[in-house]
Amino acid sequence: MRDLGAGLRYLGRGQRWVLTHGRWFGFGLLPALITFVLYAAALTALGFYADDLAAWATPFADDWDATGRALTRGVFAVMLWCAVLMLAVVTFAAVTLLIGEPFYEKLSEQVEESEGGLPEQVVDQPLWRELWTSLCDSAYVLFRTLLFTVPLFFLGFVPLLGQSVVPALGFCVAGFFLTLELASVALQRRGVPVRERLAMLRRRKALALGFGVPLALAFLVPLLAVPLMPGAVAGATLLVRDLTGTRPAPGAPGTAPGAGVPPPHGGGAGAPPYGGQPAVPPPYGPGGGKPPRRA
């Protein structure tokens, strides 16, 4: 429960950060607005052609009576639209990040600077390389998302289960992968591959769900996804700093003298990757052992 609340707090802190830094809030609005217009057009078109798609997908119902045929195809059309809507919620962040890669990269960097500095080791790549990496990572995340959403789509036809448990599971899936997409901005900067990002969030599922599920629900409200997107990137950056235990780089603006300098016992085999906190040194000196005797 602690991680669940922490994820929600990071979402709130991200929104507060962009509201107190108005320039960066406006900086992140344009890509989200472009994506919203594209998605709204696609969902509207699907609404117009949903009945035709339902008739094409259910040829077995052609010989049924009118009531059974209309009910079956009506349920199919609604479930199809809801499934595409859920997929749109999950992929909205990915498409927006692709469109606005330079915008959100700069916004995320600014958040890290304000929190004590960038991580000690930053992987710097050309823009075209970052875009290609983001595209490949988004395709991988979409594939993993479909592994869950396709079975949930068919389970939605099961009476009672499809109207209670399935929607709840759908929002959990959407929230988890939405967090993964948003956290990728800061994790890619640290050189963390997408499979390792997925593993990191799996170890902190409650943190990912606490951040992503409320955001996925909010993204269902028309136009709300646009103003929330810059704060979502900022909040995900703060979440990544917690997830990786990021230390500020030596001499970073706003840090105390000596901040970010590795401790004397160093990293070694026991040090966590990606800027994590070093292991706690053993008691009574580097060698550990027994405490000194009293005189």
Side-chain angles (χ1 to χ4, degrees), residues 1-19 86 89-94 97 104 107-108 111-112 114-120 137-138 140-141 144-145 147-149 152 164-220 224-225 228-248 270-280:
M1 289 300 293
R2 182 182 299 176
D3 265 359
L4 203 63
L8 185 58
R9 284 194 297 274
Y10 281 124
L11 181 59
R13 283 181 60 192
Q15 300 302 326
R16 279 200 309 273
W17 192 94
V18 294
L19 289 176
M86 192 62 65
V89 169
V90 174
T91 58
F92 179 85
L97 292 173
Y104 294 122
L107 190 155
S108 178
V111 172
E112 298 226 49
S114 70
E115 290 295 312
L118 294 170
E120 295 178 14
D137 291 350
S138 296
Y140 175 80
V141 173
R144 298 302 296 260
T145 305
L147 291 180
F148 291 92
T149 54
L152 287 175
S164 55
V165 177
V166 171
L169 289 176
F171 279 113
C172 289
V173 170
F176 180 87
F177 286 104
L178 186 57
T179 303
L180 178 61
E181 284 287 1
L182 291 165
S184 293
V185 179
L187 287 172
Q188 185 175 322
R189 182 183 304 120
R190 289 159 171 79
V192 184
V194 64
R195 287 177 175 79
E196 179 59 24
R197 297 172 210 166
L198 183 60
M200 291 169 73
L201 287 178
R202 275 178 175 170
R203 292 191 289 267
R204 302 282 297 275
K205 285 190 185 73
L207 183 67
L209 293 176
F211 183 89
V213 172
L215 194 59
L217 290 169
F219 275 13
L220 293 176
L224 194 55
L228 287 180
M229 189 62 189
V233 174
T237 302
L238 296 171
L239 183 147
V240 166
R241 290 179 69 85
D242 175 14
L243 200 63
T244 60
T246 301
R247 292 177 176 273
Y274 314 123
Q277 299 287 352
V280 177

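The model shown is predicted, which means the values in this text are computed figures rather than measured ones. Only this structure's heavy atoms are used, side chains among them; waters, hydrogens and symmetry mates stay out.
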Quick check: closest heavy atoms across [X] and [Y], and the distance to 0.1 Å?
X: Phe171; Y: Val213; value: O-CG2, 3.7 Å
X: Leu178; Y: Ala216; value: CD2-N, 3.8 Å
X: Gly191; Y: Pro193; value: O-CD, 3.4 Å
X: Ser108; Y: Arg189; value: OG-NH2, 2.9 Å
X: Leu182; Y: Ala232; value: CD1-CB, 3.8 Å
X: Val166; Y: Leu152; value: CG1-O, 3.4 Å

**Request:** Take Arg204 and Asp242 through the side-chain contact (heavy atoms from CB on, under 4.5 Å) test and state the conclusion after the steps.
**Result:** CA-CA 11 Å; Arg204 302 282 297 275; Asp242 175 14; 3.8 Å; yes
When you measure from the side chain of [X] to the backbone of [Y], do you find a donor-acceptor pair of N or O atoms at a distance under 3.5 Å?
X: Arg197; Y: Val192; value: yes
X: Thr179; Y: Gly175; value: yes
X: Glu115; Y: Leu238; value: no

**Prompt:** Within 45° of the six-membered ring axis of Phe177 and under 6.0 Å from that ring's centre, is NZ or CZ of Arg144 located there?
**Reply:** no
Side chains of [X] and [Y]: does their closest heavy-atom pair fall under 4.5 Å?
X: Val141; Y: Leu198; value: no
X: Thr91; Y: Glu181; value: no
X: Pro230; Y: Leu107; value: yes

**Request:** Would you sort out whether Glu112 and Arg190 count as a salt bridge (Lys or Arg N to Asp or Glu O under 4.0 Å), showing the intermediate values?
**Result:** CA-CA 12 Å; Glu112 298 226 49; Arg190 289 159 171 79; 2.8 Å; yes
**Partner set under salt bridge (Lys or Arg N to Asp or Glu O under 4.0 Å) for Arg2, not counting sequence neighbours** =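 Arg2 satisfies salt bridge (Lys or Arg N to Asp or Glu O under 4.0 Å) with no residue once adjacent residues are dropped.
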**Request:** Carefully, step by step, assess Met229 and Phe92 under the rule side-chain contact (heavy atoms from CB on, under 4.5 Å).
**Result:** CA-CA 10 Å; Met229 189 62 189; Phe92 179 85; 4.3 Å; yes
